[in-house]
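Being a predicted model, the structure only gives us computed values, none of them experimental.
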Amino acid sequence: MNRTVLLVIAHGSRDPRHAATVQALVRRAGALRPGLRVETAFLDFNLPSVPGVLDRLAADGVRDVVALPLLLTRAFHAKADIPAVLRQAPPSLRIRQAEVLGPSPLLVEAVERRLYEAGLTPGDKSATGVVLASAGSTDPEAIAVIAETARELRRTGWCSVRPAFASASLPRTEDAVRALRAEPGVRRVAVAPYVIAPGRLPDRIAAGAAEADVLADVLGPSPELARLLLERHDAVHAARVAVAHSA
């Protein structure tokens with residue numbers, strides 16, 4: 001067997017909803033590309049582990065793996081944890097790490113999908129302020145990407161969009177909600193969790209949304225995220241083909 005395998009690497013969580021949501025997303029991506037073998041692994045808390053899946057792929061005769069960090073920003077896990085665990089892979093595997101999911105227009109589309117599913121309509125945009133609430137990070141690059149994503153969401157027509165964070169950074173969700181309430185033209189406030197799966201920090205975002213009018217769901221197995229997983233895989237494959245042709 002010499003087909004490339006897409007290995008989606010999630011962080012993992014003690015919350016069972018996290019792994020179930022990740023698996024649902026990966027299944028959806030696999031259904032969009034029936035000829036592609038897609039596997040899931042977790043850095044922590046959940047099984048299968050990354051080393052366990054890599055060992056199994058090597059035993060199956062797989063040679064090429066695209067390792068995709070299931071992360072919205074390129075922070076510590078993408079820069080350090082995942083490369084470290086991939087370096088321990090069986091030597092028979094050729095592994096290329098894909099870019100993280102964000103930033104991407106598909107993520108903005110996924111956020112809007114969740115806002116509409118929560119009861120808003122495109123006609124509500126001009127009077128609705130949105131808190132784009134992420135898990136948070138101490139990495140300045142990650143914070144900058146969240147801020148840019150908030151600006152991109154604002155450009156789609158929402159009255160105002162403010163980023164917020166459940167940990168490590170400020171402002172908190174509840175503070176961003178109150179700040180939006182004070183802005184001219186904002187008649188309702190919605191909180192859009194900019195997280196992939198449920199867990200402790202998304203629950204903290206939900207608690208901080210108590211004074212908001214609308215709380216959207218996590219991004220989860222949205223069609224946009226499923227397409228984005230395949231986009232990241234295809235970008236690695238295209239780069240490999242380009243290198244082969246230029247050699």
Exactly one candidate in Thr149, Ile196, Val100 meets side chain to side chain contact (heavy atoms under 4.5 Å, CB included) with Leu72; the answer is Ile196

Leu25 and Leu70: CA distance, side-chain angles, deciding distance, side-chain contact (heavy atoms from CB on, under 4.5 Å) verdict:
CA-CA 10 Å; Leu25 171 60; Leu70 194 66; 3.9 Å; yes

Leu71-Val8 co-clustered via ILVMFWY side chain contacts under 4.5 Å
no

Point-to-point distance, once rounded to the nearest 0.5 Å, from CZ of Arg113 to CG of Leu225:
10.5 Å

For atom CD of Glu99, is the number of surrounding heavy atoms from other residues, nucleotides or ligands below 6.0 Å larger than 12?
no

Mark yes or no for whether Arg28, through its side chain, and Pro221, through its backbone, hold a donor-acceptor pair below 3.5 Å.
yes

Against Leu7, only a single residue in Val65, Val38, Ile95 fulfils side chain to side chain contact (heavy atoms under 4.5 Å, CB included); can you say which?
Val65

Whether the side chain of Arg94 engages the backbone of Pro91 through a donor-acceptor N/O pair (distance < 3.5 Å, no angle test) should be reported.
no

CG on Leu6 to CZ on Arg33, rounded to 0.5 Å
9.0 Å

Is there side-chain contact between Trp158 and Val111, with at least one heavy-atom pair below 4.5 Å?
no

Gap between atom CD of Glu231 and atom CG of Asp234 - 0.5 Å precision
8.0 Å

Same cluster (ILVMFWY, side-chain, under 4.5 Å), Val236 and Leu32:
yes

When you check the gap from the basic side-chain N to the acidic O, do Arg187 and Asp124 get nearer than 4.0 Å?
no

Are the side chain of Glu211 and the backbone N or O of Val189 linked by a donor-acceptor pair below 3.5 Å?
no

Give me the atom names and distance for the closest heavy-atom approach of Ala212 to Val191.
CB-CG2, 3.8 Å

When hydrophobic residues are tied together by side-chain contacts of less than 4.5 Å, even through go-betweens, does Leu107 share a cluster with Ile9?
no

Any side-chain heavy atom of Arg172 within less than 4.5 Å of one from Leu170?
yes

Find out if a path of hydrophobic residues (ILVMFWY) with successive side-chain heavy-atom gaps under 4.5 Å connects Leu101 to Val108.
yes

Over all atoms of both residues, closest heavy-atom pair of Asn46 and Ser13:
OD1-N, 2.8 Å

What are the two closest non-hydrogen atoms of Arg151 and Ala144, and how far apart are they?
NH2-O, 4.5 Å

Arg3 (side chain) donor-acceptor with Val62 (main chain) under 3.5 angstrom
no

Verdict with reasoning, Asp81 to His11, per side-chain contact (heavy atoms from CB on, under 4.5 Å):
CA-CA 10 Å; Asp81 287 349; His11 181 269; 5.7 Å; no

Is there a donor-acceptor pair under 3.5 Å between the side chain of Arg154 and the backbone N or O of Cys159?
yes

With a 4.0 Å cut-off on N to O distance, would you call Asp175 and Arg178 a salt bridge?
yes

All heavy atoms of Leu201 vs all of Ala135, minimum pair found to be CD1-CB, 3.8 Å

So, does Thr128 use its side chain to make a donor-acceptor pair with the main chain of Arg188 at under 3.5 Å?
no

side-chain contact (heavy atoms from CB on, under 4.5 Å), that's the test. Do Tyr194 and Ile205 meet it? Break it down for me.
CA-CA 10 Å; Tyr194 193 61; Ile205 290 171; over 6 Å; no

Mind checking whether Leu219 and Leu68 sit in one hydrophobic cluster, side chains of I, L, V, M, F, W, Y counted as touching below 4.5 Å?
yes

Considering non-hydrogen atoms only, spot the tightest contact between Leu215 and Ala209 and give its length.
CD1-CB, 3.9 Å

So, does Arg114 use its side chain to make a donor-acceptor pair with the main chain of Val218 at under 3.5 Å?
yes

Output for pair (Leu36 CG, His233 NE2), nearest 0.5 Å, gives 4.5 Å

If I compare all heavy atoms of Arg162 with all of Ala176, which pair ends up nearest, and what's the gap?
CD-O, 4.1 Å

Chi angles and distances behind the side-chain contact (heavy atoms from CB on, under 4.5 Å) call for Arg74, Val145:
CA-CA 9 Å; Arg74 191 172 171 273; Val145 168; over 6 Å; no

Salt bridge Arg155-Glu148, side-chain N to carboxylate O under 4.0 Å:
yes

Would you indicate whether the side-chain heavy atoms of Ser167 and Arg204 approach each other to under 4.5 Å?
yes

When rounded to the nearest 0.5 angstrom, what is the spacing between CG in Asp139 and NZ in Lys79?
3.5 Å

Taking only Lys NZ, Arg NE, NH1 and NH2, and the carboxylate oxygens of Asp or Glu, determine whether Arg181 and Asp213 approach each other closer than 4.0 Å.
yes

Distance, nearest 0.5 Å, that separates CG of Leu115 from CD of Glu112:
7.0 Å

